[in-house]
Amino acid sequence: MSDLAEGRPAELTIDEYKSGEKPTWCPGCGDFGVLNAVYNALLAKGYNSKDVVCISGIGCSSRLPYFMSTYGFHSIHGRAMPIATGIKVGNPELKVLAFGGDGDAFAIGAGHFVHAVRRNLDLTYVIMDNAIYGLTKGQTSPTSMVGFQTKTTPSGSIDRPLNPLMLAITAGATFVARAFSGKPKELADLIVKGIDHKGFAVIDVFSPCPTFNKVNTFKAYREEVASVPANHDPSDKVAALGLANSEHPLYTGVIYEDTGVPTYEESLSKLHVGGEENRRKVIDGMLARYS
Amino acid sequence: MSDLAEGRPAELTIDEYKSGEKPTWCPGCGDFGVLNAVYNALLAKGYNSKDVVCISGIGCSSRLPYFMSTYGFHSIHGRAMPIATGIKVGNPELKVLAFGGDGDAFAIGAGHFVHAVRRNLDLTYVIMDNAIYGLTKGQTSPTSMVGFQTKTTPSGSIDRPLNPLMLAITAGATFVARAFSGKPKELADLIVKGIDHKGFAVIDVFSPCPTFNKVNTFKAYREEVASVPANHDPSDKVAALGLANSEHPLYTGVIYEDTGVPTYEESLSKLHVGGEENRRKVIDGMLARYS
Amino acid sequence: MTAIHDIVIRVAGESGEGIQSTGILLAQAVARGGFHVITYWTVPAEIKGGHALFQVRLGDHRLYAQGDQVDILLAFNQEAYDLNTKDLREGGLLLYDSADFTPPETGRWRQVPVPLTDIAKNQLKFELGKNVVAVGVCSALFGLPTQHAERLLRDRWQRKGEEVVQINMRALQAGIDYVERNVPNREEYRIEAPPIRPNTIVLSGSQSLSLGTLAAGANFFAGYPITPASDVMEFLASELPKTGGTVIQAEDEMASIAMCLGASYAGRKALTSTSGPGMSLMMEALGLGTMAELPVVVVDAQRAGPSTGLPTKHEQGDLYLAALGGHGEVPRIVIATTGVEDSFYQAINAFNLAEKYQCPVILMSDTVLMMRMEAIEKPDLNKVEVVDRLLFEPNGHSQVHPEEGGFLRYAQTETGVSPMSIPGMPGGQYVATGLEHNDTGRPRYDPRTHSTMTEKRFRKMEHAVLDAPPPDRHGDPDAEIGIVTWGSTMGNVIEAVDRLAERGLKVDAIAPKMLWPLPDHQLRDFVMNKRKVIVVEVNYSGQLAQLLAARYRNDLVRLNTYGGVPFKVADIVNFVESEVAQRV
Amino acid sequence: MTAIHDIVIRVAGESGEGIQSTGILLAQAVARGGFHVITYWTVPAEIKGGHALFQVRLGDHRLYAQGDQVDILLAFNQEAYDLNTKDLREGGLLLYDSADFTPPETGRWRQVPVPLTDIAKNQLKFELGKNVVAVGVCSALFGLPTQHAERLLRDRWQRKGEEVVQINMRALQAGIDYVERNVPNREEYRIEAPPIRPNTIVLSGSQSLSLGTLAAGANFFAGYPITPASDVMEFLASELPKTGGTVIQAEDEMASIAMCLGASYAGRKALTSTSGPGMSLMMEALGLGTMAELPVVVVDAQRAGPSTGLPTKHEQGDLYLAALGGHGEVPRIVIATTGVEDSFYQAINAFNLAEKYQCPVILMSDTVLMMRMEAIEKPDLNKVEVVDRLLFEPNGHSQVHPEEGGFLRYAQTETGVSPMSIPGMPGGQYVATGLEHNDTGRPRYDPRTHSTMTEKRFRKMEHAVLDAPPPDRHGDPDAEIGIVTWGSTMGNVIEAVDRLAERGLKVDAIAPKMLWPLPDHQLRDFVMNKRKVIVVEVNYSGQLAQLLAARYRNDLVRLNTYGGVPFKVADIVNFVESEVAQRV
Ligand SMILES: Cc1ncc(C[n+]2csc(CCOP(=O)(O)OP(=O)(O)O)c2C)c(N)n1
Ligand SMILES: Cc1ncc(C[n+]2csc(CCOP(=O)(O)OP(=O)(O)O)c2C)c(N)n1
Ligand code: SF4
Ligand code: SF4
Ligand SMILES: [Mg+2]
Ligand SMILES: [Mg+2]
């Protein structure tokens, strides 16, 4: 356990980032791997947990902040992005990580996702994509495949799945990666890269739900995933869209990165023509204008 | 005026599709051109106005259904897509056209847009894109350019604009076109093509707002628009994304079309294992199961 | 020893270990034996694993509540023992799976080891049969004739072949045998079997409600999963397509309700189901439903709030929202079901009212009710009356005034209900809208239009209230003490009224089914003329009590609980007794 | 002829022709002359063009309402004449721009042609000066000393150079000259100029409210445009960045409120502003604000509903939603401002209450008030008290229990308010959540946690109510007739009370500023002890009346109007008189 009040211990371990609350996930859930990767990524960065905020919506995956010793906001279904926006803009010094499921991000949260992406806040959004609604006990999600059978689509889903990576890229994301809970080192590494990226980083993680999704399993993913080719240039948008579009294999790694876009906080702070000390002057100025 | 009760007149004119309600738009508004193109497109199709439903959200542009003699649903801000989905699924025989502004479609309606698109309902969505919120008297919209000054962004917008065409294509749209209110014939022609396309047709129309947007004017567009190159293959997704991405020129015409995707109504009807006549049997079957 | 008439059996253990299936099997078996039965269960916060319990209360008379105390506890493991003995009555029976643990002897109850796991695994070589063994154990205790459980197992497993049937039969018998050999003096649990009720079915509140929507003619559903409302969606996803109907899983609740409004506009009977968070999100579009005058049914399966709250827990906290939520003056109808059987009929009433009055109807259920199973009388479909919206008749109708812009969709009428058209009908063209509008549907903002159209929308409510389904009544109509309640709490109140009557205290109880607008003709007399009126609700602020107080009297007494669990009957009994004592 | 003390001037014409700027200039000029002034205007449904009116009421005493009747109508065109003469009082003065039309002589009022267009275009060669000519015309009528308008013009155009100042001066003088030459007998419009009030500013309700949020320390705004709330956003978009604050135009209202909650969590003073449709959409996230106990202010600039309704029209229809909307038991505070000056102070109160009680506060205004301009006393910023949230002090504090999972963010306290932390504070780590939770914020679903945390959230309200801002009072405290009202309607009520007093009828009026929870200590005595209590509201169902009835008494009398326009003072006067007569 971290001794929060006294500051950081001399030698950091991942225990620094554990809250002591026992994860409520099913045995074998992919989200354990993600949680561990987050611990390791934070360790790699050496952050003080008091400076980190983990934000989420609602879903099994969105429970993650409870297992962190950092600040956190487990909000409501679909609204992780605007909550995170408020926090990051509210205090740009904070290290902000957002988490959620595929339903949270791409069903009820789809509109916010698109807009958060185009704003390019400097935060990292880790989506635990299990192609199912876990917490509500197994319904079709926006990333479920056509034909996928659940209680809400007993004859198989007829909706074509969204491709989170392509959606992110066309909405203007500046860092887009895919990872797999079954490749924990790569995952932790990508989270570090996402954090290091100055701007909005989207990491879509295949994080299987063994309880309700019997199709998109660890085994199935293991057979399909392949690392991004070594010669891939992540700044090449068209190439990135191509990799993102591929179904065989499913590429993991950094798919796209654009380092030339200012962050939202930077742009906002450029609008500031003064600080809190000006408040009285501004009000007096307005009052004078109305005289 | 149409004599609605008695059936169609022998010789159709666009008057058949006029409601007699005077448009409330400002003089010079681009939406007049769109309305006219819609009249002409319906005339070209020869539809009976009783079989057509025009759906919209809220905005200047969303007023369009009032000026039609067809059925209509002027709904609430951002929800034109789910309303249209309910209507089209509710009665697949109907010819369904949806209308709205850039705010309606891509701000509050962004999530619905993405999902409506991936479902591939057989309807045509005409977006009157003026890069501004007209009805609320001039605020920045999701398609406004960086630096665009309005009352809500007095120092210029810092949000990078969404590209409606790219968004539509990556969300899985099967027909994506761009038009310009200043090229009314092409516009009418594209609406006809959208109607003829079996599936979801997105037509993003540059429809200037002379009252509040002094940048994206008829004149400015006239200088920037160019028809899609004659050799463009709309079934080539990558090429389509390329054209959609271009800022100089701004291409008008059919950017993308995929004719191989079943419509949502078709897929839904395949799930039907019977009709209304089965209702009693189904209930009795369930009751027996609980005995 | 006096004869007993009902008994509460609780099965508890690790979720996923078959607690629920044991309970359901048991409930179905006892129902076949003619017993009345009512169940109660809770699911853990964890997705998988965690502590679960399933409680079966059975009796020789109609039951209304889940039972305050446990008579027989079957603990599958140590945790189940730790968490549940507090509810086991003094002198009750504790059965525990001796494979797992051995509890200390406390003397507060009788305790008997039952090696369920051992029997299933070692004796039967059928590990999955543990639940059926448990069913055998329980049914032997109170004396269920074996044939009922046997027939149930046969019906259930027949399709899988005789071998499967037989191994289950053996498991059942093993449970029975064990009890007969090891649990002497079973008289105190024995209930005289009532006559078999052949026309009985066992189903949950959510199943009953879903069936009701089918019977009402529902043919369009759009929804978004949420506990405890998803059951309705999942039921209809498998059944509606068989009738040519459609179920869409929408991207969120705003889309769900908007799709329903669209479908309704196109002529469908549409519904969605949700719980608190979804209800909040639907408020804007529900206003559109009121304004455009479109029939639509929204099932609100209430859970404990606010916000995401306690998603698996019970509360009646959404009444304000259902009745008064939404900006502007936005009338709509709120119906609440009080029981499993009632859910079927209120679903039909909800649709009929929506169609007749062309407006949104909120159909309220709650967590306890959605999940409760009960043996109810099979509904007679021939008696179900289905109401359809009033359609305008094309041609030759005064409702079309071309000079005024066409069809008078919102023509002023005495009841406020105007004949409506459906796309495709010639001459019926109009634009449905959320803007204030004149009788053709065109937007108009002058004071007269807004006043008269507001009155029209509220006038419909004045007529709708007269079509309110009859309230549940129970107790002595002449009693000076009255209880008003709603939803599943009525079950607890009914049993409290009976218990109070046994103790010589006369109480009268009413649960209106239409909660908004308030059915004055059903309530006024009751609320005004009782000496003391107690309003019993599972919420903090007494939401129904406040609505009644605004209309009738300010001295209503409130009894509330807000811990995420339903009332115990004893709580109500004690409260009423102390209220009466206060007066002396 | 008796001296007159106030006068209503209405300028009407095509929207875009400068109606509004004429009205604003006139209001500012008369305020400089020491007059009290209050304005009223409506915008057309069309985006551009359409009929618009701007009304300036001025007087030698404090004014509270827009004025029932027009004394002087300045019609820019035929349509303005057609639509507005119905409001011109018998014997009033009609001025019309003779360039456009010539109205028939009716004898019901005095009418004088004023060739505004001609003067501007031909005489001054300054077509844009028409509005200034109109200001000259109006101010000459009631005798505004010229210097005030002149100084205003100078202040306004100075930056553009002396030439511009001069041409405007000439336009003003041309208007004055025309009146002096062509309108004899102006005594009946003449008001004795009151002493100059140097400390006066002229601003709108939305400006006053926005300034109040600045004074309260607001430093984060996220919102989505909507009439009539956008003004707040647009004001802050230009002012907040000057103080290092941030304004974000969000993608919708769900995002707006969620961003505010995030910013508040991060330590900002956050607000959003919206109107009915947006309020409905914010219900779910507002529940999160209550549950996570985060300060946030939501301005609800009410307009006429339901649904999209009448976006530019007036109604007080959102009270139910503000006070009771949202699923589950979701307490929050509702504050309503009654006037332009009050809007400044209530904005400050709203923030202070949000910070002190760590919860959402809805600050209600309405269309009339947002758009109304008034000459008010310049607020004294030194008297403004700003309250900040109670922060936990890191180190050495008993509020951190590592064994229990860290910082006790939701520690139970007497007032329910727990010290909170802000990200970055060492030892203050916790997870804000919409789930029910224990004192560290961890999700817990047991009955005790839910009960005690529900009580904690409501306990805060019991204390908050004691901090309710004082209500507006007016009239005779001993009167037997009492009026309760809220929002801008209080202005109309005050004038009605005065008019009734003149006629010998004593009436007492109260408008609470805190509408929810109800400030019992302010209201009980008033509502319980008056013989007759009339609740006056611009809505159909009497929303405040119902909340009061639930708490106090069922015989409240209601006076409602719901045509999208405010009350006329005469309506209230007549109603009270007829109510009193009834008793006789
Ligand atoms: C407004 C609202 N609607 C619905 C729900 C119910 N709900 C909770 S989580 C969830 C989806 C879970 O799926 P996902 O986001 O993929 O997360 P997972 O559980 O799979 O990790 C839903 C629909 C809710 N809590 N709030
Ligand atoms: C829920 C809700 N939020 C906000 C509004 C206010 N509003 C009406 S139209 C509109 C945007 C208009 O812009 P756009 O959709 O681009 O249409 P345009 O007027 O430009 O044609 C907004 C914000 C509303 N009516 N409802
Ligand atoms: S239900 Fe699926 S996603 Fe949720 S905890 Fe279990 S395995 Fe993980
Ligand atoms: S404001 Fe703009 S978009 Fe609206 S009607 Fe006028 S010109 Fe058209
Ligand atoms: Mg998921
Ligand atoms: Mg627009």
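Per chain, numbering begins at 1; letters A, B, ... match sequence-line order. Atom set for the values below is all heavy atoms of this structure, side chains included, hydrogens, waters and symmetry mates excluded.
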In terms of heavy-atom pairs under 4.5 Å, which option from [options] contacts chain D the most?
options	answer
C:Gly305, C:Pro331, C:Ser275, C:Ala545	C:Gly305
C:Glu436, C:Met279, C:Met283, C:Gln316	C:Glu436
C:Pro306, C:Pro447, C:Ala549	C:Pro306
C:Leu547, C:Leu556, C:Leu288	C:Leu288

Other residues, nucleotides and ligands only: do more than 12 of their heavy atoms fall within 6.0 Å of CZ on D:Arg448? no

Region of [X] in contact with chain C, defined by heavy-atom distances below 4.5 Å:
X	answer
D:Met254	side chain
D:Glu315	side chain
D:Arg551	backbone

Report, one line per pair, each donor and acceptor closer than 3.5 Å where one atom sits in a side chain of residues 319-330 of chain C; sequence neighbours left out.
residue, atom, partner, partner atom, Å
C:His327, ND1, D:Gly276, O, 3.2
C:His327, ND1, D:Ser280, OG, 2.8
C:His327, NE2, D:Ser307, N, 3.3
C:His327, NE2, D:Ser307, O, 2.9
C:Glu329, OE1, D:Ser541, OG, 2.4
C:Glu329, OE2, D:Tyr540, N, 3.1
C:Glu329, OE2, D:Ser541, N, 3.0
C:Glu329, OE2, D:Ser541, OG, 2.9
C:Glu329, OE2, D:Gln543, NE2, 3.2

Taking only residues two or more places apart in sequence or in another chain, which ones pass side-chain contact (heavy atoms from CB on, under 4.5 Å) with C:Val465? C:Met514, C:Pro517, C:Pro519

With a 4.5 Å cut-off on heavy-atom pairs, point out which of [options] contacts chain C the most.
options	answer
D:Gly317, D:Pro277, D:Gly278	D:Pro277
D:Arg303, D:Arg457, D:Glu284	D:Glu284
D:Ala285, D:Pro443, D:Gly287, D:Ser451	D:Ser451

Could you list which of residues 561-568 of chain C have a heavy atom closer than 4.5 Å to any heavy atom of chain D, in residue-number order? C:Tyr562, C:Gly563, C:Gly564, C:Val565

Please report the closest heavy-atom contact between C:Arg444 and D:Leu310, naming both atoms and the distance. O-CD2, 4.5 Å

Tell me every residue that passes ring pair (Phe, Tyr, Trp, His ring centres under 6.0 Å) with D:His450, counting only those two or more places apart in sequence or in another chain. none

